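Note: hydrogens, waters and symmetry copies are ignored here, and every other heavy atom, side chains too, is used. Keep in mind the model is a prediction, meaning the values are calculated, not measured. Order of appearance sets the numbers: ligands from 1, and atoms from 1 within every ligand.
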Amino acid sequence: MNKTIYFIANWKMNGNHNSIKEIERVFNFLKKNAIYKFKKIIFCPPVNLLSSFSEKIKSRLIDFGTQDISKINISNGPYTGQLSAKMLKETGANYVIIGHSEKRIIDEDFKTIKEKINIALKNKLKVIFCIGENLSQKNNGISLKVLKKQILSSLDKKKINFDNLIIAYEPIWSIGTGIVPSNSYLDKIYRNLKKFLKEKYKVNKPIMIYGGSVTTDNVATLREISLISGFLIGGASLKSASFIKIIKNYFR
Ligand code: PEP
């Protein structure tokens, strides 16, 4: 297997200046284990930690991302409380998470997500675009309909370069619950998404990852879905021990 596998740590509103130790441990592990060459490790800590962390860990082994950017499409200006894509890029981030279900609840509607994705790509940030259905949508059998709508309303056919876009399928009912979809459910979702992206965007090999309660125990099972090229990991990414074990168990 020689495709790139993504392990993306979404720290959400967690961590402090001491948490650099967790990233350093991951870094040391990667340095000693060159066999894990087909992988991409990305940490998305809260923005207050980003600059100092990326300053300290300047290495091609670990990349950094942010959990948000402003939808205001300029670099600087009179916009209280906003951080522009350019400013975030200057912190050392190369990636940004957009469309996460926890963010959609607060302030990201379809239009905002689309604007942010376009701004991020224009500023040379790679986008981790999250999509996912909630439990009642799943129970009503409309998961794929929901996911397709999220994609069509956010990805502008003329502006998206799929080399710089990672689609993270994160069923909302799986985030932080310990419940992971069955492989047959996931297989159906990813096959359909691949077909849909080919039809609508003419993309042959979209980068698609999975997020939602990924742990050291279930990563080997998730690995069996060949269309999954990695993981967005919340809780289990906060401690280096579990994050490293997830990587190890994947490649075992
Ligand atoms: C997430 O919120 O992106 C996530 C995957 O969280 P968790 O792994 O904690 O379910």
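In summary, K21 and E24 do not engage in a salt bridge, as defined by a charged side-chain N under 4.0 Å from a carboxylate O.
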Go through the steps to decide whether F43 and F243 satisfy the test ring-ring contact (aromatic ring centres under 6.0 Å, His included), and finish with yes or no.
CA-CA 11 Å; F43 277 89; F243 193 63; 5.2 Å; yes
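Within the listing of ligand 1, atoms 1 (C), 2 (O), 3 (O) sit less than 4.0 angstrom from a heavy atom of N10. Atoms of ligand 1 found under 4.0 Å from any heavy atom of K12, numbered from 1 in the order shown, are 1 (C), 2 (O), 4 (C), 6 (O). Near G235, meaning under 4.0 Å from one of its heavy atoms, ligand 1 places the atoms 7 (P), 8 (O), 9 (O).
K245 NZ: 12 or fewer foreign heavy atoms inside a 6.0 Å radius. Surrounding NZ of K89 are more than 12 heavy atoms belonging to other residues, nucleotides or ligands, all under 6.0 Å away.
Under the side-chain hydrogen bond (donor to acceptor under 3.5 Å, both in side chains) test applied with N73, the options E115, K122, K116 reduce to a single match, K122. Between I131 and the choices I113, V146, L193, I172, the side chain to side chain contact (heavy atoms under 4.5 Å, CB included) rule is met once, by L193.
By the 4.0 Å heavy-atom criterion, A236 is excluded from the residues contacting ligand 1.
Summary of contacts: the protein heavy atom closest to atom 3 (O) of ligand 1 is E170 OE2, 2.8 Å. Ranking the protein heavy atoms by distance from atom 1 (C) of ligand 1 puts H100 NE2, 3.2 Å first.
There is no side-chain donor-acceptor pair under 3.5 Å between S184 and D187.
Annotation: G212 places no N or O atom under 3.5 Å from an N or O atom of ligand 1; distance criterion only. Looking at ligand 1, you won't find any N or O of G211 less than 3.5 Å from one of its N or O atoms. Polar contact with ligand 1: present for G234 (N/O pair, distance under 3.5 Å).
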